[in-house]
Protein chains: 2
Amino acid sequence: MPDRQRADARRNYARILAVAEQEVAAHGADASLERIARLAGVGSATVRRHFPGRRALLQAVFSERIESLCAHAESLTEAPEPRAALLEWLGALTDYSASARGMAEALAQDGLDDPSHESACAVVLARGLEPLLRRAAEAGAVARDVTAGDLLALVTGIALATEGRPEAAVEARRLLELTVRGVSPEGLAGKRTREAAATRV
Amino acid sequence: MPDRQRADARRNYARILAVAEQEVAAHGADASLERIARLAGVGSATVRRHFPGRRALLQAVFSERIESLCAHAESLTEAPEPRAALLEWLGALTDYSASARGMAEALAQDGLDDPSHESACAVVLARGLEPLLRRAAEAGAVARDVTAGDLLALVTGIALATEGRPEAAVEARRLLELTVRGVSPEGLAGKRTREAAATRV
DNA sequence: TTGCCAAGTGGCGGGGGCCTCCGTATCGTA
DNA sequence: TACGATACGGAGGCCCCCGCCACTTGGCAA
C-alpha cells in the first residue's frame with residue numbers, strides 16, 4: 001500500500017499476499033505464517049515486516065473482497081425495494097463469509113485489541129452497510145433499533161458456527177433466513193413480542 | 001468416568017480437570033495443555049492419556065454445566081407456556097455460552113471430525129432441547145421447520161461473534177432477542193415472509 | 001556511470017506448544 | 001510380600017511465532 005517503497009519490497013508484498021490468499025483459503029484463519037513465507041520464497045521476517053501480525057495479513061487478504069461488497073452495497077442503495085436490497089446484501093455477505101475460510105474470524109476479531117482501527121474489516125463493512133440499513137429502516141422494513149454492528153455480528157456468528165461443516169454455505173443461508181424472519185411462525189408478531197418482553201429475551 | 005481405574009489415575013484425572021476448568025476459563029478454548037499439565041503437577045503425556053485431544057478435555061470441562069442445562073430443560077417441559085419456556089432456556093444457554101470462555105468453540109467444533117460422538121456437547125444439548133422445542137412447535141409458537149440444531153447453531157454463533165468483547169453477555173442477549181423476533185419490526189409478518197421468499201433469503 | 005547508504009532481507013536462536021515413545025514407578029492382587 | 005498390569009513422566013522430534021542483527025540490494029546524487 002505505501003507508494004514510496006523499494007521495488008523489491010513491493011514485489012515481495014505482492015507475492016506474499018498472493019500466497020497468503022491461497023493458504024488462508026486452504027487452512028483458514030490460522031494458516032502458518034512460516035509456511036506462507038516459505039511458499040513465497042521469502043524469509044519469515046519479511047512476512048512480518050509487511051504484515052505485522054496475523055490480523056494485518058487477513059485484513060489485506062480480504063480487503064479486495066470487502067471493497068467489492070461495499071461497492072455492491074452502494075449499488076443497492078438505489079434499489080426500489082429497500083428491504084429486498086438489504087436482504088440481498090446480507091445474503092451476499094453470508095455466502096462469502098461462509099465460503100471464504102478465515103473471513104469470519106477476521107471479522108469477529110478485529111476491533112478487539114486495536115482501538116477500532118480505521119481499516120479493520122468490520123468497520124469498513126459497517127460503513128458500507130449503514131446507508132442500506134438506514135434506508136430499510138426509514139421504509140419501515142427493519143426495526144429501528146437494529147444497528148449495522150448487530151447485523152454484522154449476526155452474520156459473522158452464523159459463519160463461525162457453520163464453518164467446517166459439510167454444506168456450510170447452505171446451512172449458513174438457512175440460518176440467515178431464520179434470523180431475518182425470526183424463529184417464530186408467521187402471524188404471531190404481536191403475541192411473540194409480548195411474550196419475549198415478558199421473559200426478558 | 002471409568003470405574004475400574006487405579007486410584008492414582010482417578011486422582012490425576014480429577015486434578016487435571018480442576019486445573020483445566022480454571023485455565024479454560026482464563027484463556028478460552030485454546031488454553032495450553034502443556035501448562036495445564038504443569039499446573040496439575042503432572043506430565044503432559046498424562047493429560048493426553050486421560051483426554052485424547054483438546055476436544056475431549058473441553059467436553060469434560062463443560063459436561064457438568066451441560067448436564068445442568070439439560071436438567072433445566074427437562075424441568076421446563078412442564079411449564080405452562082411452551083414458548084416462554086423455550087425462550088427462557090435459550091436465554092440461559094446464551095448467557096452461559098457467552099460467559100464461559102471456550103464453551104462456544106467446543107459447541108461449534110464438536111461433531112465435526114468425530115462421527116457424531118455420542119457424548120459431544122452439541123448432541124447432548126440437542127437431546128435436552130428437543131422436547132422443549134417440540135412442545136413449542138406443537139403449540140404453534142415456533143416455525144415447524146426449526147430444528148434443535150438450528151437453534152444451537154444460532155446461539156453458538158452469537159456467542160462466538162461476541163466473545164472477547166467487553167459487555168459480551170449483554171450483547172449476546174441482545175442478538176438473541178433480535179434472532180428470536182426477527183430483524184423486522186412487528187406487524188410485518190406477511191409482507192416480510194413474502195419478500196424473503198422472493199429474494200430467496 | 002559510479003558509489004554511497006538507508007531500506008529491505010533472511011537466517012539464527014530463544015521460547016513455546018503438541019505429540020509419541022519408552023523406561024520406570026506405582027497400584028492392586030495373589 | 002512379590003508379581004504383573006497399569007499408569008506415569010521425561011526426552012526428543014517437529015512446528016510455530018518472535019526478535020535480533022549482519023548482510024545485500026535498490027535508488028539517488030554526484
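Given the structure is predicted, the values throughout are model-derived calculations rather than measurements. Protein chains get the first letters and strands the later ones, always in sequence-line order, with residue 1 at the start of each. Just so it is clear, the values below take in all heavy atoms, side chains as well, and ignore hydrogens, waters and symmetry mates.
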Considering only residues two or more places apart or on different chains, which pairs with a residue in residues 30-58 of chain A satisfy ring-ring contact (aromatic ring centres under 6.0 Å, His included)? A/Y13-A/H50, A/Y13-A/F51

Residues A/R181 and B/D145 bridged, charged N to O under 4.0 Å: yes

I need the CZ-C1' distance between A/R48 and D/dC20, as an integer number of Å. 11 Å

Under a 4.5 Å cut-off applied to non-hydrogen side-chain atoms, are A/R35 and A/H27 in contact? yes

A/E167 atom CD, over 12 foreign heavy atoms within 6.0 Å: no

Got a sec: does the CD of B/E130 have more than 12 other heavy atoms crowding it under 6.0 Å? yes

In whole angstroms, how far is the P atom of D/dC16 from the CD atom of A/E23? 10 Å

Length of the CZ-C1' vector between B/R11 and D/dC8, whole Å: 12 Å

When the distance from CG of A/D30 to P of C/dC18 is rounded to whole Å, what number comes out? 13 Å

Just the rounded figure in Å: distance from P of C/dC18 to CG of B/L57. 11 Å

Rounding to a whole Å, what distance do you find between B/F51:CZ and C/dT20:C1'? 19 Å

B/R54 side-chain N/O to C/dC18 phosphate OP1/OP2 under 4.0 Å: yes

What's the CD1-P distance between B/I36 and C/dC19, to the nearest Å? 12 Å

Per-nucleotide protein contact string for nucleotides 2-16 of chain C, where B marks a base within reach and S marks sugar-phosphate only (heavy atoms under 4.0 Å, - for neither): ----BBSBBB-----

Side chain to side chain contact (heavy atoms under 4.5 Å, CB included) involving A/A14 - partner list, sequence neighbours excluded: none

